[in-house]
Protein chains: 2
Amino acid sequence: MPNNQFKRGELYSVINGMASTAVARRLQKNFRMAGLEITIEQWSVLYHLWKEDCLSQQELCNRTFRDKPSITRLIDNLEKQKLVRRIPSKSDRRINLVCLTDAAQALQSQTIDLANQTMNEALIGVNKEDIEVVKQVFQRVYDNLT
Amino acid sequence: MPNNQFKRGELYSVINGMASTAVARRLQKNFRMAGLEITIEQWSVLYHLWKEDCLSQQELCNRTFRDKPSITRLIDNLEKQKLVRRIPSKSDRRINLVCLTDAAQALQSQTIDLANQTMNEALIGVNKEDIEVVKQVFQRVYDNLT
DNA sequence: GGCATATAGTTAGTTATGCAACTAATTTCA
DNA sequence: TGAAATTAGTTGCATAACTAACTATATGCC
């Protein structure tokens, strides 16, 4: 087996198991230490709604790279916590618009600060050019496979 | 809010949601299409055992970046599928050595080929220097947070 | 108009993850 | 030697992921 094939296997395990979960775990831990009951998955949905409120579930699928059942249940849980509401679209009755509650609006600055602190900590010693390379590689990989 | 903070938030969502899951999904799909019943998580455990057989569960935790309960249950499922066996260590009775069965040995070349094909497809148009940058950034992020 | 097709969302079933609390075996050290 | 601390692994609980199959609404086309 050619040597460079195993190198790609190693890259695979790096991508899937290491840095991303380390960041996710740390951010989750920081939420918990701050007394915030939300998961990072829930936060990632709120993050997109803070940028643009009242998106359809399908649009949240596209923006968070999740499938429809995953979004359905994330919205279920966010609704239980009274952070979002499903509002039926008037123009298309198949569509639910997912809208933030006041409680979710209030969470924004607190969690964004924690996320930024976490990313700052994660990216110590990483220069901006390398971050751009990572983003470009990931976009390319995503485009190659979808 | 300074602009560069949101940029880091975007990087966070890129790392967690996009390229890694795209690779994982594609590899899982390729396993399924080849009639292989294993999950990518199970494969990632086997991958380390193919490199070095009969590791302790703790060592598999370290190498796959998972916690102990996750490894316990992955090994449970791999044992049900008769791909590994737990063998109590003679020198330390707390330790289970996780060893490959013949069936798992036979899976190696087939799945490694699929993984390599998948990575080749994922990495079309990505040059080697950029892959090295990604690996270094991820290692750095991991080291920063652990 | 009406049937085929596509789209939005839900539900069921299996696997996986993280945390906390637990048992059992080993090591440390007073 | 023997109690305290550490290490390896398991179990219970909640959340989340993917697939497949499902309902309901909307669109396309004859």
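For the numbers below, each heavy atom of this structure counts, side chains included, while hydrogens, waters and symmetry mates do not.
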Is [X] near enough to [N] that one of its side-chain N or O atoms lies under 4.0 angstrom from OP1 or OP2?
X: Gln57(A); N: dG9(C); value: no
X: Ser70(B); N: dG18(C); value: yes
X: Arg32(B); N: dT19(D); value: yes

Rounding to an integer number of Å, can you tell me how far [X] [atom1] sits from [N] [atom2]?
X: Asp76(A); N: dT10(C); atom1: CG; atom2: P; value: 7 Å
X: Lys90(A); N: dT25(D); atom1: NZ; atom2: C1'; value: 18 Å
X: Lys29(A); N: dC19(C); atom1: NZ; atom2: C1'; value: 12 Å
X: Ile40(A); N: dC19(C); atom1: CD1; atom2: P; value: 10 Å

Handout entry: 5′-ward residue of the pair Ser91(B)/Arg73(B) relative to DNA chain C
Key =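 Of the two residues, Arg73(B) wins.
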Touch check for [X], heavy atoms < 4.0 angstrom, all strands: base, sugar-phosphate only, or nothing?
X: Asn96(A); answer: sugar-phosphate
X: Thr72(B); answer: base
X: Gln42(A); answer: sugar-phosphate

Practice task
Examine the side chains of Ser70(A) and Asp67(A) and answer whether a donor and an acceptor come within less than 3.5 Å of each other.
Solution key: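 Result is yes, a qualifying pair exists.
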Practice task
Give the intermediate values and the outcome of side-chain hydrogen bond (donor to acceptor under 3.5 Å, both in side chains) for residues Asn62(A) and Gln58(A).
Solution key: CA-CA 6 Å; Asn62(A) 299 338; Gln58(A) 182 58 54; 3.2 Å; yes
Kindly point out which of [options] is positioned nearest to the side chain of [X]?
X: Asn77(B); options: dA16(C), dG9(D), dG18(C); result: dA16(C)
X: Lys68(B); options: dG9(C), dT10(D), dG18(C); result: dT10(D)
X: Leu74(B); options: dA16(D), dC18(D), dT17(C); result: dT17(C)
X: Glu41(A); options: dT17(C), dA17(D), dA16(C); result: dA17(D)
X: Asp92(B); options: dT26(C), dT10(D), dG18(C); result: dT26(C)
X: Arg94(B); options: dA26(D), dG9(D), dA25(C); result: dA25(C)
X: Arg93(B); options: dT17(C), dT26(C), dT10(D); result: dT26(C)
X: Pro69(B); options: dA25(C), dT25(D), dA20(C); result: dA20(C)

Handout entry: Under 3.5 Å donor-acceptor pair, Arg66(B) side-chain atoms to dG9(D) base atoms
Key =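 Between dG9(D) and Arg66(B), which were checked side chain against base, a qualifying N/O pair under 3.5 Å is absent.
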Handout entry: hbond_proxy Arg86(B) side chain to dA8(D) base (donor-acceptor, 3.5 Å cutoff)
Key =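 Side chain to base: no pair below 3.5 Å.
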Exercise for the section: Report the C-alpha distance between Asp143(B) and Gln139(B) in whole Å, list the side-chain angles of each, state the deciding distance to 0.1 Å, and finish with yes or no for side-chain hydrogen bond (donor to acceptor under 3.5 Å, both in side chains). Expected result: CA-CA 6 Å; Asp143(B) 292 342; Gln139(B) 187 64 53; 3.1 Å; yes
Problem - Closest heavy-atom pair and its distance - Leu97(B), Ser56(B) - result: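 Minimum heavy-atom separation between Leu97(B) and Ser56(B): CD2-N, 4.0 Å.
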Problem - Pair Glu41(B) + Arg66(B), salt bridge at N-O below 4.0 Å - result: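 No, Glu41(B) and Arg66(B) are not salt-bridged.
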